[in-house]
Amino acid sequence: MSRPDLCWFRRDLRLADQPMLLEVAKEAVGLFVLDPRLTRGSGQARLDYLFSALAALDETLGGRLVVAEGDPARVVPDVARELNVGAVRCTEDFAPYGRARDAAVAAALKAQGRELRPAGSPYAISPGRVRNGSGNPYRVFTPFRRAWSAHGWPRPAQTGADSTRWLAAEVSCQTELPSPRLVREAGEQAAAARWTAFLEGALAGYAQNRDFPAVDGTSRLSAHLKFGALHPRTLLRDIAAADADDTDKDVFVTELAWRDFYADVLSHHPRTAWHNVDRRFDRFAWSDSQEHFAAWQRGETGYPIVDAGMRQLAAEGWMHNRVRMITASFLTKDLHLPWQWGARHFIRLLVDGDLASNSHGWQWTAGTGTDAAPYFRVFNPTAQGKKFDPGGEYIQRWVPQLRDMPGPKAHEPNPRPAGYPPPIVDHAQERAEALLRYEAVKGR
DNA sequence: AGCCTCTTGCG
DNA sequence: GCAAGAGGC
């Protein structure tokens, strides 16, 4: 029997339905390298999800997953040598933000006489492939969305255990997997089950319900997509065939298009992962209050919808999208803190934390991004709360101090119950302050 | 994927 | 008084 290949799964843990990856997996030992910096900074829910996903991948690979910790430039060649593998492949990141790391890995492998080859991306559909009439990438979502749909995308590859033949390779350097403390089911089976449940359930009414954080009205597929347990091409195929309202289907597809749009933008402009797309904001006068930042992180701002969201994030490693926008607006426009502070906090705790969607979502809210909301679009946390959580159920779920405040009162608790803080800033005043600071940079 | 203020039309 | 729409930030 020939030597096995090594397939280095990078950020993406599962094969999804990319034909190339399936081919590779038939002949490969899997390798996942834990980044100690990442695991140290992560929240418990995120780690739980990661370990669950690793366990699911290990099962899929028939127990042939190697998990190691450390610098990939050292670990990947070490494992390759120890297993005496043939080819070394890696799942492609959609974005080039790992280029320096990959170059180091490739160089170390080359010293052994081995080559690092790409093995397809389970991440997104379109990055780098949608261009406008002049052959340039889009910078605005709406025309991107049109072109993205008009382009058409291949159907997913056929998957299934039957088609996969596993090598009986002995893996000697397997790191023991931490026992998964399942917060949420990870892996391809769990993802498929969640998708089916969505198609038969919340898809009806999705266009309306997706904005209400107390309602289970979203697909909750983001973590599965981030880890490659499910491919967006599969979603496109199934949604087209679904017997549902056209508006609901269209709105869901638009969400997938946003995800691809941000992946596309980041792949063309990798520096925007942590830097302003709109360079005028490089001169923006952000504040730097650690006290305000800490209050926001802990969910003690005195604005119920903000606090509920931040507490859900800490507890679950997930936050409803509507509330992500509200909490992000509060950090950048009410506390005037740099969007990067918020983005870093989010990506450390979110189980679905994805660089492109996270950073560009933050830049959208902050007004610094490609196709961003104009800076003067400031969310009013109280009005947003009343509009999208009219019954106050979301507040009551996450802020126990406000459990006795039903309905709209939950968003303006008066009097403040013991243990619930007064607002740390005055929204009307800080809104004006934000617009003032914006005046100083706009048009320059 | 906002908010605020002002105007107008109705009564 | 109020709802609905326009326009500016």
Side-chain angles (χ1 to χ4, degrees), chain A residues 138-146 148 205-215 217-219 222 247-265 277-278 280-281 284-285 303-306 309 319-336 339 342-343 346 350 352 354 356-390 394 408 411-412 423 425-444:
Chain A
Y138 287 94
R139 297 184 135 263
V140 178
F141 176 71
T142 307
F144 173 90
R145 166 81 170 88
R146 218 179 341 252
W148 181 82
Y206 178 77
Q208 280 248 301
N209 296 336
R210 61 181 290 276
D211 262 328
F212 293 83
V215 178
T218 68
S219 72
S222 51
T247 305
D248 289 331
K249 288 161 70 161
D250 186 67
V251 169
F252 184 80
V253 171
T254 299
E255 297 309 310
L256 289 180
W258 272 109
R259 191 173 169 278
D260 260 47
F261 176 60
Y262 285 147
D264 186 73
V265 172
V277 172
D278 184 342
R280 286 177 306 171
F281 281 89
F284 191 84
Y303 284 90
I305 190 85
V306 175
M319 199 197 297
H320 189 280
N321 181 60
R322 167 58 54 181
V323 189
R324 293 189 199 197
M325 294 193 283
I326 298 169
T327 55
S329 179
F330 190 82
L331 186 84
T332 53
K333 314 249 165 125
D334 287 73
L335 303 180
H336 320 295
W339 63 264
F346 268 33
L350 285 169
D352 60 24
D354 165 81
S357 296
N358 188 58
S359 288
H360 284 94
W362 270 92
Q363 294 216 50
W364 182 88
T365 307
T368 66
T370 292
D371 198 31
Y375 189 80
F376 47 76
R377 266 192 208 164
V378 179
F379 283 59
N380 180 327
T382 309
Q384 285 277 315
K386 287 178 178 170
K387 184 169 176 193
F388 293 111
D389 185 32
Y394 181 73
H411 300 285
E412 280 175 307
V425 294
D426 177 70
H427 171 70
Q429 203 174 311
E430 301 310 331
R431 174 178 186 273
E433 171 67 18
L435 296 177
L436 210 60
R437 295 192 192 194
Y438 173 60
E439 285 299 311
V441 298
K442 80 163 189 192
R444 290 174 57 176

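As the structure is a prediction and not an experimental result, all values here were calculated from the model. Naming convention: chains lettered A, B, ... in sequence-line order (proteins, then strands); numbering from 1 in each chain.
Taking atom CZ of residue A:R431 and atom P of nucleotide B:dC4, one finds them 5 Å apart after rounding to whole Å. In this structure, A:F379 places its CZ atom 15 Å from C1' of B:dC4, rounding to the nearest Å. Atom-to-atom, CZ of A:F376 to C1' of C:dC9 comes out at 6 Å; the value is rounded to the nearest Å. The separation between A:K386 atom NZ and B:dC3 atom P is 12 Å, rounded to whole Å. Computed from coordinates, the A:N209 CG to B:dA1 C1' distance equals 17 Å when rounded to whole Å. For A:F141 and B:dA1, the CZ to P distance is 11 Å, given to the nearest whole Å. Protein atom CG of A:D211 is 7 Å distant from nucleotide atom P of B:dA1, rounded to whole Å. As a whole-Å value, the separation of A:F388 CZ from B:dC3 P is 8 Å.
Ring pair A:Y438/A:F281 is parallel by interplanar angle, where below 30° counts as parallel and above 60° as perpendicular.
Under the 6.0 Å cut-off for aromatic ring centres, A:F379 and A:Y303 do not qualify, their centroids lying 6.0 Å or more apart.
One finds no side-chain N or O of A:N321 lying less than 4.0 angstrom from the OP1 or OP2 phosphate oxygen of B:dA1. Contact check, A:Q384 against B:dA1: no side-chain N or O comes under 4.0 Å of OP1 or OP2. Contact annotation: A:R322 reaches the phosphate of B:dG2 (side-chain N/O to OP1 or OP2, under 4.0 Å).
A:D371 contributes no side-chain N or O that, together with a main-chain N or O of A:R139, makes up a donor-acceptor pair within less than 3.5 Å. Although no hydrogens or angles enter the test, the distance criterion places a donor-acceptor pair under 3.5 Å between the side chain of A:R437 and the main chain of A:A285.
Candidate nucleotides B:dA1, C:dC9, B:dC3 were compared by shortest atom distance to the side chain of A:W258, and B:dA1 ranks first.
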